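Below, all heavy atoms of this structure are taken into account, side chains as well, without hydrogens, waters or symmetry copies. In this text, all values refer to a predicted model and were calculated from it rather than measured experimentally.
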Amino acid sequence: MVKADRRTEQRMVNEIMELLVTHYGGGLTEEDLDQGIDSLSRAIEVARRSHEGQLRKSGEPYFFHPLRVAHRAARHWMDFASINACLLHDVVEDTPVTLAEVEEQFGEEVALLVNGLTKVAAAELSRDALKAETYRKTLLLAIEDVRVLCLKFWDRMDNLETISALNPAKQALIAEETRKIYVPLARHLGMGSVAAKMEALSLGILYPKRGERYQRVVRALQMQAGPALRKIRSNISQAFDHQKLSFALRDRWRPFSIAAVRAVGRGLATLYTLEIQVDTTMDAYLALGVLHRLYNPIPGKLRDHLIVPSQFGYQSLKTSVQAGEYRLRVEITTRKLARFNESGVLTPGFEFREANFQELMRSLLDGESAIDTASLRLASASIQVYTPGVKSAPCPKAAVPLTLPLLSMSNSAYMPGGRALTVRPGS
């Protein structure tokens, strides 16, 4: 391995270690932390040794793939066992190392996660049958441990980013599979930004010319609006400093998607969002007031999703303001909720409805096809329905007013807007 590769490897290993200690060091005893660090060092060594001499189709040393997957997982709050599984996720499939050896050296938890990312091998099955069985195996193990799916997301994202060495037909198959299966699954787990990233990568492979045109438009808009945006950010920063608000500003440019391409003609207002992160919910409302005093709000554009998440899963205050010549979309959230919006089910404190997720996985397994993609897309979006006790309940996006009372066996439910629906026995 050349010196540059060694330096890159060491930098990534150090960053993974720092992220794990930062995220989990405070909640572990010194002994448990030492054991975690030791297991990570052993996983790195086993993966490096097992993949030694192996190259990807691009000519890159193979070990960099599991290392990047582990690095991405560490950035999204995954724990020591998950990172070890990321590092080892291809050793059973592509090297002489067996699953039993992984379990013996790293424990049952790591072995289960590695098994979830290992393809089914059976000489008597066709390629399509093998793929279907691999899907089913992944879903079965995800019912037991949702981290199996999350690791699959990081693996798939790295494969999409480094896919250029494969033939175009193989690239298209992988991209289409990602859009149909893994994007809606990520949304269902509250990982909206992960889903958007996977979708943008997939569409860029399926429609490369459109993707390039879209990126050119975004780059041109960044150049054109850059000075004005810097001035707006400076004004907002000064106003927040005056109120002694602790905050962070983040530029978000809309990733490539079918909806984004259709919205290109409307310019900055639909392609750019200024995200403001503060410490508390109270600070978020204070920041909204300061922002609206600084720039005139656009009537009808305020949405409050701080308490009840939007149908897309994010939690924030959403508004649009007229800032000089530009209409600007702004989202205000807390740092904690920003982590929820970014990493969903993986974030400490995230409310994960495990029973609902397991039911979805079982329903997919019971479908007519290996993966019921239509049901999966429906399940990835939801609406909030309110009961007479003013409690919210999630329902599929396409649910009708009868759905909640029939599911809950209660007599009535309120749809948003206060309209009550009563269900009588026998109706």
Side chain to side chain contact (heavy atoms under 4.5 Å, CB included) between L201 and R156: does it pass, once the steps are laid out? CA-CA 10 Å; L201 289 169; R156 180 52 57 99; over 6 Å; no

Using side chain to side chain contact (heavy atoms under 4.5 Å, CB included), reason through T334 and T281 one step at a time and then give a plain yes or no. CA-CA 6 Å; T334 67; T281 301; 4.2 Å; yes

Report the C-alpha distance between N115 and T118 in whole Å, list the side-chain angles of each, state the deciding distance to 0.1 Å, and finish with yes or no for side-chain hydrogen bond (donor to acceptor under 3.5 Å, both in side chains). CA-CA 5 Å; N115 191 27; T118 303; 4.9 Å; no

Quick one, R213 with V264, criterion side chain to side chain contact (heavy atoms under 4.5 Å, CB included). Give me CA distance, side-chain angles, the key distance, then yes/no. CA-CA 11 Å; R213 284 199 299 269; V264 158; over 6 Å; no

Yes or no on side chain to side chain contact (heavy atoms under 4.5 Å, CB included) for I174 and L166, after CA distance, side-chain angles and deciding distance? CA-CA 10 Å; I174 294 172; L166 299 182; 3.8 Å; yes

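Residue E108 qualifies as open at atom CD: its count of foreign heavy atoms under 6.0 Å is 12 or below. The environment of CZ in R210 is sparse: at most 12 heavy-atom neighbours from other residues, nucleotides or ligands sit within 6.0 Å.
S246 and D279 make their closest contact through CB-OD2, 3.2 Å (heavy atoms, listed as atom of the first residue, atom of the second, distance). Taking all atoms of both residues into account, the shortest heavy-atom contact from T333 to S316 is CB-CB, 3.8 Å. Taking both residues in full, the closest heavy atoms of L271 and A260 are given as CD2-O, 4.0 Å, listed atom of the first, atom of the second, then distance. What you find for T138 and G116 is that their closest heavy atoms are OG1-O, 3.4 Å. A pairwise comparison of heavy atoms in A263 and T270 identifies O-OG1, 3.0 Å as the closest pair. The shortest non-hydrogen separation linking S82 to L151 is O-CD2, 3.9 Å.
The side-chain heavy atoms of N84 and L113, taken from C-beta on, include no pair separated by under 4.5 Å. A heavy-atom distance below 4.5 Å is found between the side chains of S41 and M17. In this structure, the side chains of I236 and F247 stay at 4.5 Å or more apart for every pair of heavy atoms. Taking the side chain as every heavy atom from C-beta outward, L141 and K137 approach each other to under 4.5 Å. Side-chain contact between L268 and R327 is absent, with no heavy-atom pair separated by less than 4.5 Å. Counting only heavy atoms from C-beta outward, the side chains of V194 and M198 approach each other to under 4.5 Å. Between I276 and L249 the shortest side-chain heavy-atom distance falls below 4.5 Å. Residues H65 and Y62 form a side-chain contact, since some pair of their non-hydrogen atoms from C-beta on lies under 4.5 Å apart.
Sorted by first then second residue, the side-chain hydrogen bond (donor to acceptor under 3.5 Å, both in side chains) pairs that include residues 195-206, not counting sequence neighbours, are R187-E199. Listed by first and then second residue, the ring-ring contact (aromatic ring centres under 6.0 Å, His included) pairs that reach into residues 254-278 are Y214-F256, W253-Y272, sequence neighbours excluded.
None of H89, H71, H76 except one satisfies the ring pair (Phe, Tyr, Trp, His ring centres under 6.0 Å) rule with W154; the exception is H76.
Atom CZ of R49 sits about 10.0 Å away from atom OG1 of T95, to the nearest 0.5 Å. The CG atom of L245 lies 8.5 Å from the OG1 atom of T280; values are rounded to the nearest 0.5 Å. With rounding to the nearest 0.5 angstrom, the CG atom of L274 is 6.0 Å from the CG atom of L328. Summarising the geometry, atom CD belonging to E45 is positioned 11.5 Å from atom CG belonging to L87; distances are rounded to the nearest 0.5 Å. A distance of 9.5 Å separates CD in Q322 from CD in E325, rounded to the nearest 0.5 Å. In this structure, CD on E60 lies 9.0 Å from CG on L55, to the nearest 0.5 angstrom.
In this model, a donor atom of one side chain and an acceptor atom of the other lie less than 3.5 Å apart for Q10 and N14. D155 and Y182 form no side-chain donor-acceptor contact under 3.5 Å, judged by distance and modelled atom types alone.
Although no hydrogens or angles enter the test, the distance criterion places a donor-acceptor pair under 3.5 Å between the side chain of S39 and the main chain of G36. With R147 contributing its side chain and D79 its backbone, the two residues share no donor-acceptor pair below 3.5 Å.
Taking the side-chain contact (heavy atoms from CB on, under 4.5 Å) definition, one finds that S193 meets it with E342, sequence neighbours left out.
The aromatic rings of Y24 and F80 lie tilted to each other, with the angle between the two planes from 30° to 60°.
R48 has no carboxylate O lying under 4.0 Å from a charged side-chain N of E52, or vice versa, which leaves the two without a salt bridge. Between E161 and R68 no salt bridge is recorded (no basic side-chain N to carboxylate O distance below 4.0 Å).
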